[in-house]
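Step one of this worksheet: look at the structure below.
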Amino acid sequence: VNGKQFNIRNRGDYRVVLDCFNALCDTELTKQERIISTLIIFFEDCNSVQDIRIFDDLETTIKEMYKFFNCGQTTLQGQHSDYRLLDWKTDEHLICSAINNVSHTEIRFEPYIHWWTFMGYYMAIGECPLSTIVNLRSKIVKGKKLEKYEKEFIQNNSQYFSGDYRSLETIEADKEIRQLWNKNKK
């Protein structure tokens, strides 16, 4: 970052990045707390809020961290969604199962898998239960008509369709509106 090198915790193992994603999606934290938590999780030399001062240019540091999350890309390729169709924490077993199939190994037993390797496996996932569930979630949030067999699948696997798939920004905006509404009612 601006000529200074900062080590990524555990050399960029996929588990570190998934922990960062969990922090970034924690609705119990403010946006600032989510960013600080993510920096602490991600950077080896940052172990507390006080350590944030090691970064001379915080904005660039955050951009570089996101660039790593995006496998070296400064912007996300492909379509952007206003919905979170995948939850890395709650869908972990589906994700790992699909990636195990692609990588031909049980990734949770591997002591180290670089995030970009993990994402390479993820991008190679074909038809599997995870892709079926994500496609159905997409149809649901977009209000598309479901076929009879899709409705049956959802009914038989309701545990995969009970989440809140709105974007974090939408959830936060709704929370602020409710707080203002309740404040004005008093």
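Contact check for N101 versus C128: no side-chain heavy atoms found under the 4.5 Å cut-off. Proximity of F21 to D87: side-chain heavy atoms (C-beta onward) are nowhere separated by under 4.5 Å. A 4.5 Å side-chain heavy-atom check between D51 and S48 finds at least one atom pair inside the cut-off. Between L86 and I95 the shortest side-chain heavy-atom distance falls below 4.5 Å. Residues Y160 and N157 have side chains in contact (heavy-atom distance under 4.5 Å, counting atoms from C-beta outward). Contact annotation: the side chain of V134 never approaches that of K139 to less than 4.5 Å [non-hydrogen atoms, C-beta and beyond].
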* Yes or no on side chain to side chain contact (heavy atoms under 4.5 Å, CB included) for S37 and D26, after CA distance, side-chain angles and deciding distance? -> CA-CA 10 Å; S37 298; D26 189 339; over 6 Å; no
* Derivation of the side chain to side chain contact (heavy atoms under 4.5 Å, CB included) call for Q32 and I36 -> CA-CA 6 Å; Q32 184 179 11; I36 290 170; 3.9 Å; yes
* I would like to know whether L58 and L39 meet side chain to side chain contact (heavy atoms under 4.5 Å, CB included); could you show each step before the answer? => CA-CA 10 Å; L58 193 55; L39 290 167; 3.6 Å; yes
* Check against salt bridge (Lys or Arg N to Asp or Glu O under 4.0 Å), D56 and K4 -> CA-CA 9 Å; D56 297 329; K4 273 181 112 173; 3.6 Å; yes
* Stepwise side chain to side chain donor-acceptor pair (under 3.5 Å) check, N22 with R34 -> CA-CA 9 Å; N22 287 335; R34 287 194 303 267; over 6 Å; no
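Here the side chain of R15 pairs no donor or acceptor atom with the backbone of W115 at under 3.5 angstrom. No donor-acceptor pair closer than 3.5 Å links the side chain of S97 to the backbone N or O of L94. No donor-acceptor pair under 3.5 Å is formed between the side chain of R9 and the backbone N or O of F42. Judged by distance alone, the side chain of T105 and the main-chain N or O of I107 form no donor-acceptor pair under 3.5 Å. Looking only at distances, no side-chain donor or acceptor of D45 sits under 3.5 Å from a matching main-chain atom of I54.
Between the CZ atom of R84 and the SG atom of C25 there is a distance of 5.0 Å, given to the nearest 0.5 Å. We find the CD1-CZ distance between I113 and R11 to be 12.0 Å, quoted to the nearest 0.5 Å. Note that the CD1 atom of I154 and the CD1 atom of I140 stand 3.5 Å from one another [nearest 0.5 Å]. If you take CD on E150 and CZ on F153, they are separated by 10.0 Å, rounding to the nearest 0.5 Å. Rounding to the nearest 0.5 angstrom, the gap separating the CD atom in E92 from the CD1 atom in I99 is 10.0 Å. The structure places CG of L24 at 13.0 Å from CD of E33, a figure rounded to the nearest 0.5 Å.
In this structure, E59 pairs ionically with K63, as a charged nitrogen and a carboxylate oxygen lie closer than 4.0 Å.
In this structure, F43 has its ring center under 6.0 Å from that of F55.
I52 and L29 fall into different hydrophobic clusters, where Ile, Leu, Val, Met, Phe, Trp and Tyr are joined by side-chain heavy atoms under 4.5 Å apart, directly or via other members. Hydrophobic clustering (ILVMFWY, side-chain heavy atoms < 4.5 Å, transitive): F161 and W88 are in one cluster.
Of all the heavy atoms in C71 and W116, the pair that sits closest is CA-NE1, 3.2 Å. When every heavy atom of D57 is checked against every heavy atom of T60, the shortest pair comes out as OD2-OG1, 2.6 Å. Closest heavy-atom contact between R108 and N100: NH2-ND2, 4.1 Å. In plain terms, the two heavy atoms of N7 and Q5 that are nearest each other are OD1-NE2, 3.6 Å.
The aromatic rings of H114 and F68 sit perpendicular to each other, their planes meeting at more than 60°, with 30° as the lower class boundary.
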For residues 117-124, tabulate all N or O donor-acceptor pairs below 3.5 Å that involve a side-chain atom, not counting sequence neighbours.
none

